Protein chains: 2
Amino acid sequence: MPRPTVHDIAKNAGVSLATVDRVLNRRPGVRPATVERVREVIHEIGYIRDVAAANLARQRNYQFVFVIPDLTSAFFTQLNGVISEAITRSLVDRTDISIVRVPANDPHALVAELEKLDSKSLNGIAIMAPETPQIRDAIKRLKDQGVSVIGIISDLPNSDVDQFVGINNIAAGRTAGLLLGMFLGPQPVDILVIAGSMQARDHVERRQGFDAIMTEQFPHINVLPTVEAWDDSHLMEELVGRALAARPEIGAVYSIASGNSGLVKALTKRCPVRRFVVAHELTDTSRAALENGVFDAVIKQDVGHIVRSAIRMMRANSDGRDLIASQEKIRIEVVLKENLN
Amino acid sequence: MPRPTVHDIAKNAGVSLATVDRVLNRRPGVRPATVERVREVIHEIGYIRDVAAANLARQRNYQFVFVIPDLTSAFFTQLNGVISEAITRSLVDRTDISIVRVPANDPHALVAELEKLDSKSLNGIAIMAPETPQIRDAIKRLKDQGVSVIGIISDLPNSDVDQFVGINNIAAGRTAGLLLGMFLGPQPVDILVIAGSMQARDHVERRQGFDAIMTEQFPHINVLPTVEAWDDSHLMEELVGRALAARPEIGAVYSIASGNSGLVKALTKRCPVRRFVVAHELTDTSRAALENGVFDAVIKQDVGHIVRSAIRMMRANSDGRDLIASQEKIRIEVVLKENLN
DNA sequence: TGCTAAATGAAGTACGTACCTCATGTCGAG
DNA sequence: CTCGACATGAGGTACGTACTTCATTTAGCA
């Protein structure tokens, strides 16, 4: 019993192939009663469209673009690499993906790039960007032209994106806080919090979540104000070193951003006290730090998963299909020395 | 510039379509020099076979079977559900998947089921089973007949399986141990370890890993002998209750198996002391326990991921393709109250 | 009843690849 | 030089679906 085809539908419904095709592809010119009959038969015989054959016939190909900041830290290098790998892979299934890297912290340039995109030949865009009014408008324009827009990594809650692919950063901050709270136990200590900058929405949310759980569940722990290092490794090393020297009672460090090399340097230089450290993103630096025992835990989001999920979503949106919700859920992963690989 | 087709190869190489086809599908009757020339052109013009069209022409369809124990605990119910979902999904891409549920702990019945499988129409099998000599032989037989065999969840290291999809359970045990060690701090305590049975390879390995890290890094902690509850919820409740009553100095519990309802009952009944609890597998029970603060951490393997990965592997094996290694890596996930979803 | 607009059918081509048949070309061994 | 083995070409059909064209039937309405 081979799987039923359009011919079987036609035969069973007593109509011609042309009519079946009109129903299947929602073309006009079919009486409602006939549509109904064909639909019934489709259901009855369990017809399932062969998407491969359909795409072949339709000469369908997908054009997707990833728009990401042109930062060069380990996390963004990794992101870039993962997208490149996806590009290679996607050649086999009629999908063209390109990367547009835009200057970070320059909404104007970003909008200019978005305007450049040719929405005629474009099916989907996955974008990581801060949410400004201009960007919101540019996204709206793309959506109006039928382009599927997916936010990745950093949410755009007030924009008209189809979906967001990434973690809940408030929960990520809470998770970091819970870990440190449990590691530290009941004695009062200070926690040093450091970040790249507090402009990025994801960083702000992590701090929010961190503060919230600390207040709720670990009121005996004193969370210091955020030290901002502006994505500068040397500056971070200096600031952390100074902070630790000034307050030896600091019992733990929470690193909100993904750049950690300066932090690692500062921590390894002066190691009189055992301090608990939780950081974000698994990179070569943070992996080594976990292995050396400099970091105790890393909160991670799987970049490969994010990229693949975004591609699946753009494709599903273009086809008007739905997908497996659980597969698209990006998890807040807790990585310790023992579950590193 | 549309993507190159077989016609473009033929044109550029100055040969006929028939020859191109012979080269592409490794059919005999082509001079080595010609093969070489065609290969070069393929590389030059960047030809990539349209697998959809190829499968269509080839009338290819995949027949896969999942062989799993017919246990009814939450974890296995979940596993069953995930496979069923995959079955529904797979209809669209010419893939037929079926489930064979075999009595647990009955290698004879398992082998009988394996013998029944018709290797003529079968392309791949994903199996979760203990490794006995008979099962090893049955797997060998299937492989010899050209069936791709994938081990899932519980490893079969001495069998001739193509791949194993699942976590490293020794590392999972070490991760649990590390968490408890860090939660407990420096004061000496006892840890109660409970399991379903110590027959299953995965459980044994978890215990191994747990003991190893405790000896190495937390020698001040006393790990008690494993309490076996034989997958019996009531028995577990009773045994745990008795153990906790007898030794109030127990500061933590490590639950190796996936069935946790008896444990939760025993723990909630008597709650004088704050005890750290780490368990395995995220089910309704363990999720609720995390939310209530009865469990502190759950070590999880993503069943949906495992099943999808096994399917991708069976398909890749059938096609002689390779796949994205990082996507197939099953992670040892640490789930706390704050990163539950 | 006749007219018009809408509904339906018949039959094709195309997509990119697989696979088949048969004719023809080429080369080396005897 | 001839024969046979092997290499290659030409041209086809098929897979399941999309989409087109044009002819024909049916329904609605005056």
Side-chain angles (χ1 to χ4, degrees), chain A residues 1-39 41-42 45-62 90-96 318-321, chain B residues 1-39 41-42 45-62 90-96 318-321:
Chain A
M1 47 186 178
R3 37 187 293 173
T5 72
V6 282
H7 296 85
D8 299 316
I9 304 177
K11 213 175 301 169
N12 284 49
V15 297
S16 72
L17 261 184
T19 299
V20 173
D21 179 70
R22 288 181 185 113
V23 173
L24 276 177
N25 296 299
R26 300 163 198 281
R27 269 186 266 276
V30 187
R31 240 181 323 152
T34 313
V35 173
E36 191 47 39
R37 185 151 41 96
V38 173
R39 288 251 162 79
V41 171
I42 289 175
I45 66 178
Y47 168 81
I48 295 164
R49 190 200 231 103
D50 183 330
V51 274
N55 284 345
L56 176 59
R58 202 192 304 250
Q59 281 282 76
R60 183 88 164 87
N61 62 342
Y62 304 89
S90 68
L91 292 177
V92 303
D93 41 35
R94 335 191 113 248
T95 305
D96 284 334
S318 302
D319 294 348
R321 280 200 340 269
Chain B
M1 48 181 181
R3 37 187 292 173
T5 72
V6 282
H7 296 86
D8 299 315
I9 305 177
K11 213 174 303 167
N12 285 49
V15 298
S16 72
L17 260 185
T19 299
V20 172
D21 180 71
R22 288 180 186 114
V23 173
L24 276 178
N25 296 301
R26 300 162 198 280
R27 270 186 266 277
V30 186
R31 240 181 321 151
T34 313
V35 173
E36 192 47 40
R37 185 150 41 96
V38 173
R39 287 250 162 81
V41 170
I42 289 175
I45 66 177
Y47 168 81
I48 296 164
R49 192 200 229 104
D50 184 330
V51 275
N55 285 345
L56 176 60
R58 200 190 308 248
Q59 282 281 77
R60 183 87 166 86
N61 63 341
Y62 304 88
S90 69
L91 292 177
V92 303
D93 42 35
R94 336 191 112 247
T95 305
D96 285 334
S318 302
D319 293 349
R321 278 200 342 268

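Small disclaimer: the values here were computed from a predicted structure and weren't measured. Chain letters run A, B, ... following the sequence lines, proteins first, then strands; residues in each count from 1.
Considering only residues two or more places apart in sequence or on other chains, A/Asp8 meets the side-chain contact (heavy atoms from CB on, under 4.5 Å) condition with A/Pro4, A/Thr5, A/Lys11, A/Ile45. Residues passing the side-chain hydrogen bond (donor to acceptor under 3.5 Å, both in side chains) test with B/Arg39: none are found, sequence neighbours excluded. Partners of B/Arg94 under the side-chain hydrogen bond (donor to acceptor under 3.5 Å, both in side chains) rule, at least two apart in sequence or in another chain, are A/Asp50. Listed by chain and number, the residues in a side-chain hydrogen bond (donor to acceptor under 3.5 Å, both in side chains) with A/Tyr62 are A/Asp319 (sequence neighbours excluded).
Between the two ends of the helix from C/dT1-D/dA30 to C/dG30-D/dC1, each summarised by a five-pair axis, the helix axis turns through 30° (rounded to 10 degrees).
To the nearest 0.5 Å, atom OG1 of residue B/Thr19 and atom CZ of residue B/Arg37 are 9.0 Å apart.
Within the 4.0 Å cut-off from OP1 or OP2 of C/dG9, at least one side-chain nitrogen or oxygen of A/Thr19 is found.
The salt bridge (charged side-chain N to carboxylate O under 4.0 Å, His left out) contacts involving residues 16-31 of chain A comprise A/Asp21-A/Arg27, where partners must be two or more places apart or lie in separate chains.
Side-chain contact between A/Val6 and A/Leu17 is present, with heavy atoms from C-beta onward closer than 4.5 Å. For the pair B/Val15 and B/Val20, the minimum side-chain heavy-atom distance is below 4.5 Å.
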- Query: Once each nucleotide of nucleotides 10-28 of chain D is scored for protein heavy atoms under 4.0 Å, what B/S/- sequence comes out, 5' to 3'?
  - Reply: B----BBBSB---------
